[in-house]
2 protein chains.
Amino acid sequence: MKLATLRSGEPDGRLFVVARDLSACAPAPVATLQAALESWQEAEPVLRALAAAVEAGQAPGLRPFRPEEALAPLPRAWQWLDGSAFASHGALMAKVFGISDHAEGRPLMYQGLSHRFLAPSEPAPFRSEADGIDFEGEFGVITDAVPAGTAPEAALAHIRLVVMINDWSLRVLGPREMKTGFGWVQAKPACAMAPIAVTPDELGEAWNGGRVHLPLTVDWNGARFGAPLGGAMGFGFHELVAHAAATRDLCAGTIIGSGTVSNENYREIGSSCIAERRGIEMLDEGAARTGYMRFGDRVRMETVAPDGRSVFGVIEQHVVPFAATPA
Amino acid sequence: MKLATLRSGEPDGRLFVVARDLSACAPAPVATLQAALESWQEAEPVLRALAAAVEAGQAPGLRPFRPEEALAPLPRAWQWLDGSAFASHGALMAKVFGISDHAEGRPLMYQGLSHRFLAPSEPAPFRSEADGIDFEGEFGVITDAVPAGTAPEAALAHIRLVVMINDWSLRVLGPREMKTGFGWVQAKPACAMAPIAVTPDELGEAWNGGRVHLPLTVDWNGARFGAPLGGAMGFGFHELVAHAAATRDLCAGTIIGSGTVSNENYREIGSSCIAERRGIEMLDEGAARTGYMRFGDRVRMETVAPDGRSVFGVIEQHVVPFAATPA
């Protein structure tokens, strides 16, 4: 099942069920995705029946799906916890930023800005090019309510949806915040989300071990930048959910991120963020030569399934300066 | 003006205006504090008129204020950013946990769990005494919508309410998360808030320089533990708000915390968390002898104004194990 949230003038938009090939959609009887997640046991069968009707071309209110009408599937969320589960990325970043790796066999995770997720085609606003503007391609999951203390095996069943995320990062600000031990505030403005959230079963064999075994394809200003595979996560999403829930309840609609998708063979397969390419350049050439993004630059992300279908739809954003504000 | 949110069966409760001496309250015409903050320009005069009527004993629906009916003023919030603005606390913690101080003249801040704030008298649920259960007395502010890039001087006007917070912390888990650079997830379960949120003017001369110049009194199992003064913050709340908003918009209802209230003369005035007392013991006696909290332990926090009135009402919680969950 594929779900999207369309612009309605309300902060949480309106929930739609979308056809597998993204050609059509129909309004859901539950108004918002957040509401559906809060009563998933009741909402899911209703939404799946509607999804079948959409595939059959018989759903009430059926209409073409226009990605430009889409908000993030959750335009805001009560909780966004982002992991860093790809070891090849972590090792490179440690070298680039001179940070020691203190993970000690546990997932790395921070809590990020969740009151706003940018729409998939929304311009991304930043203070200054000098902050080191970078994209980060990630997969993510959305849970229903997870009780504190839930073990990884049980956590898997709480993963209700899978999403694709552009986790915007400011690389000049990141290391200095990281060195405080407090995690990132200024270095992590709002993320964007691809328009389609899918149930795990929709991924078929590509959902295995709590991982998305598909490439996340990134283009920067029209040129292929990378297509790393999501299956290389050092921890599965169920383990990230359990880590997050070790000492707290997770509310319905909690979003958990994989961290930057990265593979050991990044020299061949490319990267999903600029910082990683710069790290490779530092290792191979002694210095980073690729700069971060400039205002006007574009980034595009997509995950295409073996059958050629776009799984989550497309993130396509350009970067802009945010409006000046009163001193 | 003093505001409280009373239990109603709804997740955000119902907003009430409370008398200065906390004796009485009346239902606000705006249903929730979040809604009031989202339209503060319109809501504030209406709420202030009601507050005058409450003081005069003439408000519609006037009734006794019963603290046991109170939730946190914001039972959930889209964003909770906690600073660590008291230098004497930071220096001690650095020694206790072997963490270097990388603040470099900037405020320290992390993003914390905000989908749930415990009610002022709600038992605080934890996994295990072995996690090092500790209270942290803090002051906090609640903002309306703050545009990205707002300077400290302008940020002051966005501070609409002042609150008192018990920022629960798990000290055994804290240092290992801090060493990753990602900040705290497992070490920071849900905070509690005192029942009353006050407008800054309500503090009179005690609100100065974006700081609360009043003691935060902490009792542990009925014995005085500390009464440090809020005026010793190294950064004012307006500077913390500006730091938080440097690269992001803050949504209405964003809560910004001071970090553990701490004074240089902590040996005389006491502390607002156990970790600080343990740090003093380590410095003075070579080893910490005070243990962290045990299940059943109680903590009480209050701020009393020079006129003898309780400013924020009382936080009084005891600690309990959280319910076992399926494996």
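Just so it is clear: chains get the letters A, B, ... in the order the sequence lines come, proteins before strands, and each one is counted from 1.
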For chain A, find which of B:Gly112, B:Ala155, B:Ala187, B:Gly253 contributes the most heavy-atom pairs closer than 4.5 angstrom. B:Gly112

Find the one option among A:Pro125, A:Ala77, A:Pro152 whose heavy-atom pairs under 4.5 Å with chain B are most numerous. A:Ala77

Presence of salt bridge, B:Arg171 and B:Glu136, under 4.0 angstrom: yes

For A:His318 and A:Ala124, indicate whether the former's side chain and the latter's backbone hold a donor-acceptor pair under 3.5 Å. no

Spell out, as yes or no, whether a donor-acceptor pair under 3.5 Å connects the side chain of A:Asp144 to the backbone of A:Trp40. no

Given that the side chain runs from C-beta out, which part of [X] has a heavy atom under 4.5 Å from chain A: side chain, backbone, both or neither?
X	answer
B:Leu113	both
B:Arg76	both
B:Gln186	both

Please report the C-alpha distance between B:Gln79 and A:Arg116 in whole Å, then the side-chain angles of each, then the deciding distance to 0.1 Å, and finally whether the side-chain contact (heavy atoms from CB on, under 4.5 Å) criterion is met. CA-CA 10 Å; B:Gln79 186 167 243; A:Arg116 177 94 195 277; over 6 Å; no

Against B:Arg160, only a single residue in B:Ile142, B:Thr143, B:Leu37 fulfils side-chain contact (heavy atoms from CB on, under 4.5 Å); can you say which? B:Leu37

Identify whether NZ of Lys or CZ of Arg in A:Arg106 sits under 6.0 Å from the centre of the six-membered ring of A:Phe235 and within 45° of that ring's axis. no

Strictly under 6.0 Å, is that where the ring centroids of A:Phe182 and B:Trp184 end up? yes

State, to 0.1 Å, how close B:Ser272 and B:Phe135 come at their nearest heavy-atom pair, and which atoms those are. O-CD1, 3.3 Å

Looking only at heavy atoms, which of residues 239-250 of chain B get nearer than 4.5 Å to chain A? B:His243, B:Ala244, B:Ala246, B:Thr247, B:Arg248, B:Asp249, B:Leu250

